[in-house]
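Have a look at the structure below before the remarks.
Chain A is the first sequence line, chain B the second, and so forth, proteins listed ahead of strands; every chain is numbered from 1. What you are looking at is a predicted structure, and each value in this text was computed from that prediction instead of being measured.
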Amino acid sequence: MAMEKNFNAKTAEARLYEAWDAAGCFKAGANAKPEASTFCIMIPPPNVTGVLHIGHAFNNTLQDIMIRWKRMQGFDTLWQPGTDHAGIATQMVVERKLAETQQPSRVELGREEFLKKVWDWKGESGGTIINQLKRLGASCDWEREAFTMSGAPGAPADVAGGNFHDAVIKVFVEMYNKGLIYRGKRLVNWDPHFETAISDLEVENIEVAGHMWHFKYPLAGGATYTYIEKDEDGNVTLEEERDYISIATTRPETMLGDGAVAVHPSDERYAPIVGQLCEIPVGPKELRRLIPIITDEYPDKDFGSGAVKITGAHDFNDYQVAKRGGIPMYNLMDTKAAMRADGKPYAEEAAIAQAIANGEQEFDEAMIAAMNLVPDEYRGLDRFEARKKVIADISAEGLAVMVETTRKVKDLDGNESEVTETVPYVEAKPIMQPFGDRSKVVIEPLLTDQWFVETSKIVEPALEAVRSGKTKIMPESDKKVYFHWLENIEPWCISRQLWWGHQVPVWYGFDSVGAWEHIYAAVQSDAQLDEDRLKTEVLSSFATTSFCASSFDTCLDAAEPHYGAGWTIVETNSLEEAYTVFAQNAALGKKVAPLYRDPDVLDTWFSSGLWPIGTLGWPDQTPELEKYFPTSTLITGQDILFFWVARMMMMQLAVVDEVPFDTVYLHGLVRDAKGKKMSKSTGNVVDPLEIIDEYGADALRFTNASMASLGGVLKLDTKRIEGYRNFVTKLWNAATYGDFKGTFEVPHSDAIPDTALPLNKWIKGEIAKTREVVDEALEAYRFNDAANALYAFTWNTFCSQYLEFTKPVLDDGTDAEKAETKATYAWALDQILILLHPIMPFVTEEIWGQKERPNMIVHAEWPSYAAADLVDAQADADLSWTVAMIEAIRSARAQMNVNAGAFIPLVVKGMEPAAKAAWEQNEALIMRFARVESMTHVDELPKGTVALAVSGGTFGLPLEGVIDVAAEKARLEKTLGKLAKELGGLRGRLNNPKFAASAPAEVLEETRANLALREAEEAKLNEALARLAELG
RNA sequence: GGGCGAUUAGCUCAGUGGUAGAGCACUUCGUUGACAUCGAAGGGGUCACAAGUUCGAACCUUGUAUCGCCCACCA
């Protein structure tokens, strides 16, 4: 059966993938040799609702190359696939979908119903990206497909992937019990759009145009002081009486929550007023708060006025200062970052705050957190609206620092004049502003209760593993990045105020006895009980207690002894419900302890941090966990080094005391042809599926491999993909040639064919060399080296040379020669297919399948022959000489404009024995491919002979009559010029006594041999030039 | 502000002490029995700049310039 004229990627890819899948080719351990070592890769799980982008395509191509390579080598391989539930991203997508289809919103639906919608959407779209990975050719063990939310309560029964959920919860409980996870009120990055905390890493600091305002905080009671500014030499440059302290801020709206003004302890300008109180110049005049002027190391004397307002609840620096100085941190905003509208009226709250500032009242965290110091007229305003109002109010009152400016004005007649005005001092300056990486809204530091991993306690093993080389990070330079981050690691905020995710396994209850007795007593004594009042009192006055356990049932093991006999423990859904149940029962004298579960879910990266052990079945000691963990190689993007890689290192070491992988290979972002980031708004996004449709998956894969140099920038140019598509065609045509010549009729054999012809001996050696280069490259993760070596070998050596050279033999050789050559061609092509298969699985499998085979190429035996065994030095030298001869003749012909079809004579003087032997073996090749009609031995080269720079004799083409003397002279002189340059370098080196003394012997020898060769060449060319002169 | 990296042919990039490379683009020629998604032959580079180490530097060292990326609390 003759092969198709072209490889039809579209139809073949689907058919071949189906065949691999059906035959179970990708299953864990498929094609493993007995007693094989294992090789395991964990896929970086894509978002379950995501679609394949070019970065995935690149990343997964590299993984597939490694896996297919190792599988063919007979390793026991596992490529573990799966998807990530992607908390924020997925919740966002589903909420958007609800809005687009006019369905009830998330809040309207309630938690349980909303989660059903998310699971529905997961079911609908979850298979998309997996199918797209299959189109790329990814050879994952799909039966093991995992999902980070599998096994979660509410998961539909048909969600496969084991029980990742329980593993995550178990880790949380264990880490909690070890004191590695704690809950606390901390200042966190708050995303006002999603209304959740996010981690430091999910914040992008972006420079935006901002303003800095300067305001006066009047001193309490109209006090004054002498403000003195000095220059560097101590000369007084400004001296004035002031009744205020000047403050610079980029966030005026947070003034409402100021707890102090801080200056540097060594700042002499403010020394006279340290310890005094000053007034926050905003809010109802009669209720203005006074705050102390304190000292702290934080303020920079040379920046702004040197005085900083301290708003502990809305700024990370201020938070530290406030903590150090015991300054109250007043929370001003709600979860949407609008000014709070809850709590008592401003007058009441301000009075308490004033008492605190005066030192007349004790305060604690809970009390401060409950206070709302937003003046009534600001309540409910968005933070940016509030900012405008603060600025306007202060300016109106004349408490903005003023500055003189001049500007030009035109009167009605068009005459220009300058006017000098005094205006509020506002500096326009670029400021770094934090944005949520998903929501793109400005992050608000917010004081909230959150769960944290005490990373400082688990970071050390993760550092040590890389320091010691137990886990290797490539490229080297990323090691430093890893160290730097881990050495300065901050606590990891793992709670998210979302619904889609692993719910924190902690149950809260009222601390029983006191609260119960309080309510019981209140109900008994007061018939006119104010229920709201009682509730507030109970909720704020009685500490809650908490139990961390993997489920409500196991939670009881701790809760029952805690409450003691006589208490009935029940689960409720919320704090509200818990209170109602508690109070109603208390009123009746019943001791019921309601527990409710923490509503927060865990950061998605907390669960994906457990991906290596979780997908292998931990905590069960499954055979797969036993066999494949620790895994071999992680291939992923640099951008998730901190998010994921570092955390997997920490988590695996903390949970199972073992590194998750031997090697981490990190790569950059795939960019467009010009090096720009791909983005929808720029419109330069390349869709890998469109590429596959147009050029085939193999072309895309080969492009990916060839781009993957260690640490390189990845610029994807479709011209390049087109080039590799052409390569696929080239390979296909080499196969059709074989088919045409009958090499597909040679029965399949893994054995290296016996060869007598130099041609066939030579190609065996070339194949072996290539195999070594490819293996070495892949061993070192140098995918580009492997790809380039295969490309060059296939195109140049195999197609341009070997394939051409088989033609004379297959046309005119003896039967034995033909048989040997067919067998060798068949074998050599098989080797190319095998070596190319990890990079281009489809076309290689398709060609492989043109012949009866014991197995598919996906399970073919990866070769191990060495160049040392297969290279035949004699054949190698003969063929090199032959190729050089052909090229020299072709070059001379082209430049002398000899008719391409014409056969011409060749003459030689003083042919050396080695050349003679080579000629005899390969005469047919030279005659055919250089179009030579005869070779004549002569004593002198005739006039008008074009010289050939080939070793082993003085060769020439007698072209008298055809020759263009001037052109030939120019050609020779040009070559001589190049030669002279080289000779100069070589002689210079050899004449330098220090070179002889210092250079290694082999370099010395090589240089000498090279010089001799070049000198001989030069002599021949000079001779030729002389002959030309006679002619001219 | 700190860290990391890059600078090599017109373009995109390999090359990390021993004769400067590839693909694309370009020029000329070619309907040769695998292939025009091709073949043959070519042109094209002070390896950013400067100093140093070395017998020898694109490669090592130092500095400069330009461009990227990551991290960072200057109100």
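Within the 4.0 angstrom heavy-atom criterion, base atoms lie near A:D300. A:R890 comes within contact range of the sugar-phosphate backbone alone, with a heavy-atom separation under 4.0 Å but no base atom that close. Within the 4.0 angstrom heavy-atom criterion, no nucleotide atom of any strand lies near A:K301.
Closest to the side chain of A:M432, from the set B:G5, B:C74, B:A41, is B:C74. Each of B:C24, B:C71, B:A75 was ranked by its minimum atom distance to the side chain of A:Y298; first place goes to B:A75.
Side chain A:R720 to base B:U12: no donor-acceptor pair is found below 3.5 Å.
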Which protein N or O atoms sit under 3.5 Å from an N or O of nucleotides 15-22 of chain B?
unit_1, atom_1, unit_2, atom_2, d
B:G15, OP1, A:R782, NH2, 3.0
B:U19, O2, A:E982, OE1, 2.9
B:U19, N3, A:N1010, ND2, 3.3

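The partner of B:C38 is B:G30, by the rule that a Watson-Crick or G-U pair needs both atom distances under 3.5 Å. Across all strands shown, B:C4 forms a Watson-Crick or G-U wobble pair, both distances under 3.5 Å, with B:G68. Shown here, B:A22 forms a base pair with B:U12; the pair counts as Watson-Crick or G-U wobble because both key distances fall under 3.5 Å. When both distances must be under 3.5 Å, the Watson-Crick or G-U wobble mate of B:A50 is B:U62.
Using a 30° and 60° split on the angle between ring planes, A:F7 and A:W732 fall in the tilted class, from 30° to 60°.
Of all the residues in residues 482-493 of chain A, not one reaches under 4.0 Å from RNA chain B with any non-hydrogen atom.
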